[in-house]
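Atoms within each ligand, like the ligands themselves, are counted from 1 in listed order. Given the structure is predicted, the values throughout are model-derived calculations rather than measurements.
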Amino acid sequence: MPLTKDEIIYHLTHKEAEEELFHKANAVRERHCGKIAHLRGVIHFSNYCRCDDLYCGLRRSNAKMKRFRMDEETIISLADEIARAGIKTIVLQSGEDSFYTREILCRIIKEIKKRHDVAITLSLGERNYDDYQAFYDAGADRYLMKHETMNEGLYERMRPERKLKNRLKALEFLRKIGYQVGTGNIVGLPGQTVEDLAKDILFFQDFQPDMINIGPFIPHKQTPLKDYPPGDFELMLRVFALTRIVTLNTHLAAANTVATLRPIEGQYLCFVKGGCNVLMPNCNPFIESKEKKVEFEFQCAPKKRYVSVDEAKEILKRAGRKIAKDKGHSLKLRRQTC
Ligand code: SF4
């Protein structure tokens with residue numbers, strides 16, 4: 001249901017009213033998404049990035065980051081494992097890494113689609129517009145690209161050489177192609193105000209994304225923002241709840257950075273208070289294999305905690321949710337494809 005900027009700011013700033021807010025978010029989630037929750041199996045296939053975002057450990061200036069790239073065969077075999085585990089969405093995520101050309105990525109997408117009846121979400125950052133079209137034509141279903149913050153000045157301070165307006169144009173273009181489009185913000189960026197968060201929520205209300213991924217700022221010691229405090233967990237929960245209320249049936253993910261900020265309870269609380277209905281367990285092999293831990297570690301946040309598939313199932317069980325058996329396409333009626 002639509003909210004005004006003043007109503008959003010009221011709820012962001014009035015902790016005493018938060019139980020009522022959480023109750024409402026939960027009721028909206030129950031009505032529009034039911035008890036079904038979705039698991040998305042994430043493959044972080046490269047932690048190289050050409051960007052230099054101040055808040056991210058993968059920024060190109062971080063010479064201390066141990067970098068990895070998976071080869072095609074490894075990516076496809078991980079997709080096989082995810083599909084065998086019964087997860088019907090595979091998320092291919094990386095930094096902005098031009099090593100993976102249009103041809104390589106199309107080959108990977110086509111091969112996964114040929115082998116499995118799954119949906120594919122891409123989270124590759126900003127690419128050439130012809131790439132977006134080619135990936136869609138190859139079979140990709142969804143594209144996730146967080147807008148990070150709707151404060152243009154803050155965005156451009158945090159993301160040198162990048163423009164918010166280009167990001168928003170890319171989101172529109174992705175939607176025009178036919179992708180189910182996801183976006184999201186960061187809560188607690190240094191210099192961010194409550195008014196900025198309200199603008200993010202108003203953007204969600206206006207754009208009505210198919211998916212949203214909200215996460216807290218977490219200072220990484222190998223970045224210029226290392227001495228700033230992390231985002232406030234309680235405030236972030238209120239951002240989740242308000243986002244559920246204004247978007248009704250958008251797929252809302254409790255990001256892994258939430259579990260980094262508040263281990264064990266964080267994502268569970270996002271489900272029972274914040275209106276979330278999606279978890280994105282990490283499916284890189286380092287969870288199982290100590291030997292590969294360094295090789296495939298995607299540390300955009302320090303000591304980033306990733307929930308495994310088993311942990312994700314445990315969280316959902318505790319929250320009283322059933323895991324979807326289908327691909328969990330967008331619930332937005334205008335482009336419902338399942
Ligand atoms: S947030 Fe994404 S685009 Fe920005 S530096 Fe990190 S990996 Fe690269």
Trainee: Ignoring hydrogens, just give me the one of C49, S46, G57, S123 whose non-hydrogen atom is nearest atom 7 (S) of ligand 1.
Mentor: C49

Trainee: Consider ligand 1: state whether an atom of it lies below 4.0 angstrom from any non-hydrogen atom of R159.
Mentor: yes

Trainee: Of all N/O/S atoms in D53, which lies nearest to atom 4 (Fe) of ligand 1?
Mentor: OD2

Trainee: State the atoms of ligand 1, each with its element, that fall below the 4.0 Å cut-off from a heavy-atom position in C56.
Mentor: 1 (S), 5 (S), 6 (Fe), 7 (S)

Trainee: With a heavy-atom distance limit of 4.0 Å, tell me whether R50 approaches ligand 1 through its side chain, its backbone, both, or neither.
Mentor: neither

Trainee: Below 2.8 Å, can you find an N, O or S atom of C51 next to atom 6 (Fe) of ligand 1?
Mentor: no

Trainee: Which pairs pass ring-ring contact (aromatic ring centres under 6.0 Å, His included) with one or both residues in residues 104-140, sequence neighbours excluded?
Mentor: Y129-Y132, Y129-F173, Y132-Y143, Y136-Y179

Trainee: So, do T247 and L252 sit near enough that their side-chain heavy atoms are less than 4.5 Å apart?
Mentor: no

Trainee: Less than 4.0 angstrom from a charged side-chain N to a carboxylate O is my criterion; do R318 and E265 meet it?
Mentor: yes

Trainee: Determine whether E152 and E156 satisfy the following criterion, side-chain contact (heavy atoms from CB on, under 4.5 Å), listing intermediate values before the conclusion.
Mentor: CA-CA 6 Å; E152 202 171 353; E156 288 165 18; 3.6 Å; yes

Trainee: Which donor-acceptor pairs under 3.5 Å do side chains of residues 198-206 form with protein atoms, sequence neighbours excluded?
Mentor:
from, atom 1, to, atom 2, distance (Å)
D200, OD1, H147, NE2, 3.0
D200, OD1, M150, N, 2.8
D200, OD2, N185, ND2, 2.9
Q205, OE1, L3, N, 2.8
Q205, NE2, L3, O, 3.1

